[in-house]
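Everything quoted here is computed from the prediction, not taken from an experiment. Values below: every heavy atom of this structure, side chains too, minus hydrogens, waters and symmetry copies. First the proteins, then the strands, lettered A, B, ... as listed; each starts at 1.
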2 protein chains.
Amino acid sequence: MNIKRVTSQDVADAAGVSRTTVSLVLNNTPNAQISEETRQRVITTARSLGYVPDAAARALVSRRAQIIGLVMARSHYHIASDAFLPQTLEGLLDVAHQNGMRLLIDIVEPQHQKEAYLQLVRAKHIDGLILSGPRLDDEALTLLDDENFPIVLIGRLPGDRYYSVDVDNRSAARNAVEHLIKLGHRRIACITNASPEYSAAAERLAGYREALEACGLAYDQNLVRYGDFSSKSGYQQMKQIILSGAEFSAVFAASDEVAYGVNAALVEQDLHSPEKTALIGFDDLPMSAYINPPLTTVRVPATELARRAGNLLVQILEGEQPEQKVQLLETHLILRHSCNLGKSMLS
Amino acid sequence: MNIKRVTSQDVADAAGVSRTTVSLVLNNTPNAQISEETRQRVITTARSLGYVPDAAARALVSRRAQIIGLVMARSHYHIASDAFLPQTLEGLLDVAHQNGMRLLIDIVEPQHQKEAYLQLVRAKHIDGLILSGPRLDDEALTLLDDENFPIVLIGRLPGDRYYSVDVDNRSAARNAVEHLIKLGHRRIACITNASPEYSAAAERLAGYREALEACGLAYDQNLVRYGDFSSKSGYQQMKQIILSGAEFSAVFAASDEVAYGVNAALVEQDLHSPEKTALIGFDDLPMSAYINPPLTTVRVPATELARRAGNLLVQILEGEQPEQKVQLLETHLILRHSCNLGKSMLS
DNA sequence: TTGTATGCGTTATCAT
DNA sequence: ATGATAACGCATACAA
């Protein structure tokens with residue numbers, strides 16, 4: 001009732017050729033040789049009729065949906081405040097556009113992982129999968145990998161079974177915490193970015209411990225709490241530590257988002273950064289340079305991460321088998337003002 | 001080479017029935033009556049074989065891709081810092097899941113609107129379109145609407161031609177600015193959230209002017225600047241105003257994201273909020289309660305906006321023709337500390 | 001109650 | 001250099 005659908009037959013009729021010819025011309029099929037005149041005629045009429053090949057028909061016969069799937073392993077409630085996500089989308093849309101593909105996105109809640117994206121894949125909705133924030137307890141992932149379904153992780157799981165693009169969370173975290181130690185801090189609290197099932201959270205916490213150990217500082221359970229992506233969790237966990245009476249002079253928040261909440265708790269309890277407490281985050285969200293105080297943090301090249309993951313997936317879809325399973329991108333400690341203890345926060 | 005593809009034929013064979021029966025059972029076709037025994041047998045074997053209908057084949061024959069398209073009218077560079085987007089995704093994924101549909105996302109750059117999503121639609125990749133942040137100069141939109149393609153806007157365009165879900169940007173902005181005026185401010189700067197081609201930006205600016213006029217205050221061009229979504233733009237524009245020497249005691253930033261940047265400029269120039277300058281934002285991003293100072297802002301129910309838009313689209317796809325073209329959701333002024341001039345920012 | 005036959009719009013394999 | 005024809009996997013009208 002609504003859209004006038006133009007088929008390749010219509011184009012063929014209008015151009016006085018067969019459907020085959022239309023297909024040959026429009027797909028620029030290598031072997032087929034079409035007279036320049038016919039080629040132009042087909043192209044012109046196709047354009048004038050506004051012909052666009054039917055995606056479903058094409059997918060059905062070519063066995064390629066031309067769609068990349070981005071699946072985020074997050075609970076529903078956490079996605080709304082995931083300021084990291086837009087950067088991932090930017091990178092992936094970029095790659096998709098460059099390769100004439102589309103981007104389908106979905107989330108999979110930790111509790112029903114098994115069914116969730118198996119469906120997506122089995123229905124051949126997508127040709128390949130980018131999984132953001134893989135969890136250690138993900139079972140469906142193994143299944144898909146066993147079937148040789150093209151998968152690239154943004155993030156990483158232990159071992160090098162999967163194609164992955166990530167930063168070295170552990171050493172970056174260690175580096176950040178060592179920076180605090182060099183600044184003279186001995187009692188450093190840590191609020192993770194998420195629960196430890198998320199490998200990135202586990203790794204960052206491990207880096208925190210490593211830094212402590214390397215410098216001969218004791219790991220104090222009372223200074224460690226688990227965040228859950230949100231600023232709110234950062235606020236709550238930090239407040240708990242403060243109210244518990246535990247002493248500390250610095251905080252390592254394992255994501256910027258969480259760091260914002262930590263900062264709020266510090267401000268509220270008159271322990272504000274940088275004068276009274278040093279604070280360091282992780283991610284370098286676009287707005288982290290503009291919050292008060294500007295946040296010292298670990299820069300994660302999020303868009304580039306996504307771009308690499310996308311390109312890697314495209315390579316695999318084209319039949320290549322890249323040697324290198326894991327790509328680790330560089331992080332950099334961005335020094336701003338949130339851990340310049342004693343200095344003015346205005347530079 | 002990779003995935004074992006299970007077709008309805010396989011299920012039929014294994015269950016000792018015909019493909020038709022399989023289809024009838026699995027789709028729960030109303031009229032067809034299948035013996036309970038056969039029905040169970042089909043369901044069981046389908047499940048044990050891990051059968052999932054092929055999306056392309058189904059789409060081809062049913063003329064329904066079962067995919068919702070979310071298109072953001074944004075330049076590429078702005079999406080990465082769009083902290084509003086995750087909320088939109090959450091709401092839309094919600095609706096998609098509830099209706100057994102998928103979500104495809106794309107962006108369309110202002111410069112090549114015409115081609116961009118026409119393709120998406122013509123290829124029948126998506127059954128309906130949700131357009132976030134429509135621009136006044138969008139031409140492709142008209143084309144699609146003329147073809148009766150199902151479209152719902154998140155945001156609005158003048159008139160009630162399109163199905164739209166939005167907040168009343170103008171009156172919300174007016175309300176916010178009037179709050180500042182009631183607080184005693186007479187010189188109020190305004191940094192918009194985006195350039196005026198975006199209807200939300202234009203509306204919010206109009207609300208700002210209305211508030212001024214209603215209270216008999218003059219509109220001063222020197223106090224108004226256009227942001228472009230990012231905190232960075234807020235910072236830059238605010239700094240320009242400050243350096244221009246224009247006087248003001250309050251700022252209305254037309255998005256929280258921009259407000260963060262404004263705040264940074266104020267802090268840097270020793271005009272920090274709330275002591276020296278009142279600041280009010282727009283959106284109420286999840287982290288706005290946690291920045292320093294906690295931001296007074298207009299709460300926009302972003303997730304709900306998306307959910308409504310999604311549900312409206314689903315209704316339309318099911319053949320309904322909802323009477324009401326425009327749904328306006330309530331906003332609320334959230335009073336935090338960024339405009340409590342003279343008071344402590346800690347409550 | 002279940003099976004047969006047909007078509008959806010495309011690409012790919014053959015002929016011509 | 002171009003055209004017939006056969007799949008792709010499913011849903012559906014119709015037959016049995």
Which letters describe nucleotides 11-16 of chain D, given B = protein heavy atom under 4.0 Å from base, S = only from sugar-phosphate, - = neither?
BBB---
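- Judged by distance alone, with hydrogens and angles left aside, the side-chain atoms of A:S62 form a donor-acceptor pair with the main-chain N or O of A:R58 at under 3.5 Å.
- The distance between atom CZ of A:R41 and atom P of D:dT2, rounded to the nearest whole Å, is 8 Å.
- Between the P atom of C:dA5 and the CD atom of B:Q9 lies a distance of 13 Å, rounded to the nearest Å.
- The CZ atom of A:R63 sits 12 Å away from the P atom of C:dA12 (whole-angstrom rounding).
- With hydrogens and angles left out, the side-chain atoms of A:S48 and A:T45 include no donor and acceptor closer than 3.5 Å.
- When the P atom of C:dT1 is taken as reference, atom CD of B:Q40 falls 15 Å away, rounded to whole Å.
- For the residue pair A:T21 and A:S18, a side-chain donor N or O sits within less than 3.5 Å of a side-chain acceptor on the partner.
- In this structure, CG of A:D54 is placed 6 Å from P of C:dT10, rounded to the nearest angstrom.
- Using a 30° and 60° split on the angle between ring planes, A:F229 and A:H78 fall in the tilted class, from 30° to 60°.
- Using a 4.0 Å cut-off between a side-chain N of Lys or Arg and a carboxylate O of Asp or Glu, B:E147 and B:R122 qualify as a salt bridge.
- For A:S35 and D:dT2, the shortest distance from a side-chain N or O to OP1 or OP2 is below 4.0 Å.
- Looking only at atom types and distance, the side chain of A:D13 has a donor-acceptor partner in the side chain of A:Q9 under 3.5 Å away.
- Between B:L26 atom CG and D:dG9 atom C1' there is a gap of 14 Å when expressed in whole angstrom units.
- For B:S18 and A:A57, each mapped to the nucleotide of DNA chain C holding its nearest heavy atom, the one lying further toward the 5' end belongs to B:S18.
- The CG-P distance, from A:D13 to D:dG3, rounds to 11 Å in whole Å.
- If you take CG of B:L60 and P of C:dT11, they are 12 Å apart, rounded to a whole angstrom.
- Contact check, B:T38 against C:dT2: a side-chain N or O comes under 4.0 Å of OP1 or OP2.
- A salt bridge is absent between B:R161 and B:D138: the closest approach of a Lys/Arg side-chain nitrogen to an acidic carboxylate oxygen does not fall below 4.0 angstrom.
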